S.K.: 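This structure is in structure tokens; I'll ask about it shortly.
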Number of protein chains: 2
Amino acid sequence: MPRLKANTSTCSVARALELLGDRWSFLLIREVIFGTRRFDDFAAHLGIARNVLAAKLAALVDAGILEQRPLHQDARRLGYHLTEMGDGLLPAMVALLQWGDRWLQTPDTVPLRIVERATGAELPPVQLLDHAGQPLTRRELDWAPGPGAGDPGIAPLVAAYEKQRRVVPRPIPPAPTAIPRPNAKGKPR
Amino acid sequence: MPRLKANTSTCSVARALELLGDRWSFLLIREVIFGTRRFDDFAAHLGIARNVLAAKLAALVDAGILEQRPLHQDARRLGYHLTEMGDGLLPAMVALLQWGDRWLQTPDTVPLRIVERATGAELPPVQLLDHAGQPLTRRELDWAPGPGAGDPGIAPLVAAYEKQRRVVPRPIPPAPTAIPRPNAKGKPR
DNA sequence: CAGTATCCAGTTTGATACTG
DNA sequence: CAGTATCAAACTGGATACTG
């Protein structure tokens with residue numbers, strides 16, 4: 001596959017998409033989250049071809065997102081479970097589901113709600129929060145080069161982003177309090 | 001393709017994936033979030049073929065995720081911007097990026113960090129929170145049929161999930177001696 | 001610039017049949 | 001059950017050249 005040749009991409013989103021950016025992988029993970037464990041159940045729920053299913057499951061196991069462990073109901077058989085790595089996808093998955101509920105459904109077509117087990121209350125929307133727990137909007141975000149920004153594979157991109165960042169006019173945030181940083185960057189010209 | 005024929009899927013994740021479940025759409029949105037606006041810049045940054053790029057952009061505009069508006073720098077030209085709907089993908093996008101940073105990179109290969117504009121601090125990990133702002137794990141979640149659960153297209157599935165839910169043993173969450181701690185974080189490595 | 005128009009190779013997918 | 005094997009068909013994506 002001319003897939004973004006594994007691990008050559010430097011952007012984390014791109015790398016994630018190397019694993020998940022196809023028609024089925026995300027849905028399989030959704031299934032596992034919802035408790036599906038067995039081959040034929042995946043096949044039945046999703047209507048995916050069996051050979052494709054086998055390949056996708058193998059790829060997800062291979063990537064470390066799923067693993068096979070004995071089933072609780074029948075310890076002689078194996079079922080697919082999330083690894084810790086796979087579990088880490090939960091926020092992204094829920095965010096995507098909520099987005100779909102919000103923008104691709106009408107209020108009365110939402111088929112499944114995610115609730116807190118303890119209270120039965122519907123899960124609040126996943127949000128971007130600052131360190132004080134306050135919601136952040138896109139305009140309050142920025143990005144900065146990370147440790148790997150110098151990698152030849154991405155340095156040009158980072159440079160381009162830096163330029164865009166300088167070019168695009170952005171409102172200065174209301175920063176009434178002290179400025180802990182010695183040099184404020186991104187001086188708009 | 002027998003793509004999950006648009007809007008026939010009932011699951012919100014599946015619907016979202018009808019729009020975004022390919023190799024490029026998510027990356028295009030990432031680009032827009034990072035400030036890319038112009039056709040040739042997308043092409044240069046991603047190395048995507050021009051015809052494919054045109055098709056994907058059109059599809060995203062069509063879906064209501066992107067729209068064309070005059071550029072700030074040159075009001076005679078149009079550039080791609082996020083709509084409110086597209087903006088709503090931000091939590092999912094950031095969650096995915098953070099997941100990639102955590103699981104697909106080493107600490108020194110992370111190319112871009114997302115930071116708060118006001119403070120320069122790196123964004124905390126996107127988490128699932130309950131209504132009190134406390135982090136939730138997967139075991140503390142459950143799901144329940146939504147208003148659209150009766151739809152013939154999904155009713156069997158919901159029934160299957162209901163059954164799984166009853167079968168799979170799940171621990172009761174520890175009794176919450178909830179203390180309103182203002183901040184909870186967790187980014188191991 | 002910002003796309004279109006062609007052409008084509010390589011992949012992904014589904015249907016089906018088969019095995020342990 | 002849980003896959004594997006095979007095959008044809010559908011589709012995606014890339015290269016390139018062209019247009020307003």
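Quick note on labels: first sequence line is chain A, next is B, and so on, each numbered from 1. This structure is a prediction, so every number in the text was calculated from the model and none was measured.
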S.K.: Tell me whether the rings of B:His72 and B:His81 are parallel (<30°), tilted (30 to 60°) or perpendicular (>60°).
M.R.: perpendicular

S.K.: Just call it for B:Phe42: base, sugar-phosphate, or nothing, with non-hydrogen atoms closer than 4.0 Å on any strand.
M.R.: nothing

S.K.: In whole angstrom, what separates B:Leu66's CG from C:dG3's P?
M.R.: 12 Å

S.K.: D:dG3 P sits how many Å from A:Asp41 CG, rounded?
M.R.: 12 Å

S.K.: Using both distances under 3.5 Å as the test, list the Watson-Crick or G-U wobble partner of C:dA9, or none.
M.R.: D:dT12

S.K.: How many whole angstroms separate atom CG of A:Leu28 from atom P of C:dT13?
M.R.: 11 Å

S.K.: Is a donor-acceptor pair below 3.5 Å formed from side chain A:Arg50 to base C:dA15, judging by atom type as modelled?
M.R.: no

S.K.: Which whole-number value in Å describes the distance from A:Asp22 CG to C:dG14 P?
M.R.: 11 Å

S.K.: Tell me whether B:Thr83 contacts the main-chain N or O of B:Gly64 through its side chain, where contact means a donor paired with an acceptor under 3.5 Å.
M.R.: yes

S.K.: Closest to the A:Ala54 side chain: C:dT13, C:dG14, D:dG3?
M.R.: D:dG3

S.K.: Report the distance from atom CG of B:Leu46 to atom C1' of D:dT12, rounded to the nearest whole Å.
M.R.: 16 Å

S.K.: Please report whether the ring centroid of A:His45 lies less than 6.0 Å from that of A:Phe34.
M.R.: no

S.K.: Could you please name the option among C:dG3, D:dC1, C:dT13 that lies closest to any side-chain atom of B:Tyr80?
M.R.: C:dG3

S.K.: Could you check if a side-chain atom of B:Arg37 sits within less than 4.5 angstrom of a side-chain atom of B:Tyr80, using non-hydrogen atoms only?
M.R.: no

S.K.: Quick check for you: among C:dG14, D:dG13, C:dC1, whose closest atom lies nearest to any side-chain atom of A:Ala49?
M.R.: C:dG14

S.K.: Starting at atom CG of A:Leu57, determine the distance to atom P of D:dA2, rounded to an integer number of angstrom.
M.R.: 11 Å

S.K.: Rounded to the nearest angstrom, tell me the gap between atom CG in B:Asp40 and atom P in C:dT4.
M.R.: 13 Å

S.K.: Measuring to OP1 and OP2 of D:dG14, would you say a side-chain N or O of B:Arg23 lies under 4.0 angstrom away?
M.R.: yes

S.K.: Nearest to the A:Gln68 side chain among D:dG3, C:dC1, D:dG14, which nucleotide is it?
M.R.: D:dG3

S.K.: Could you give the CG-to-P distance, from B:Leu53 to D:dG14, as a whole number of Å?
M.R.: 11 Å

S.K.: For residues B:Asp41 and B:Thr36, is any side-chain donor paired with an opposing acceptor at under 3.5 Å?
M.R.: no

S.K.: On DNA chain C, compare the nucleotides closest to B:Phe39 and B:Asn51; which residue's is nearer the 5' end?
M.R.: B:Phe39

S.K.: Tell which nucleotide pairs with D:dA2, taking only Watson-Crick or G-U wobble pairs whose two distances are both under 3.5 angstrom.
M.R.: C:dT19

S.K.: Can you tell me if the side-chain N/O atoms of B:Lys56 get under 4.0 Å from OP1 or OP2 in D:dT12?
M.R.: no

S.K.: Select one nucleotide: of C:dT4, D:dG13, C:dC1, the one nearest the side-chain heavy atoms of B:Arg38.
M.R.: C:dC1

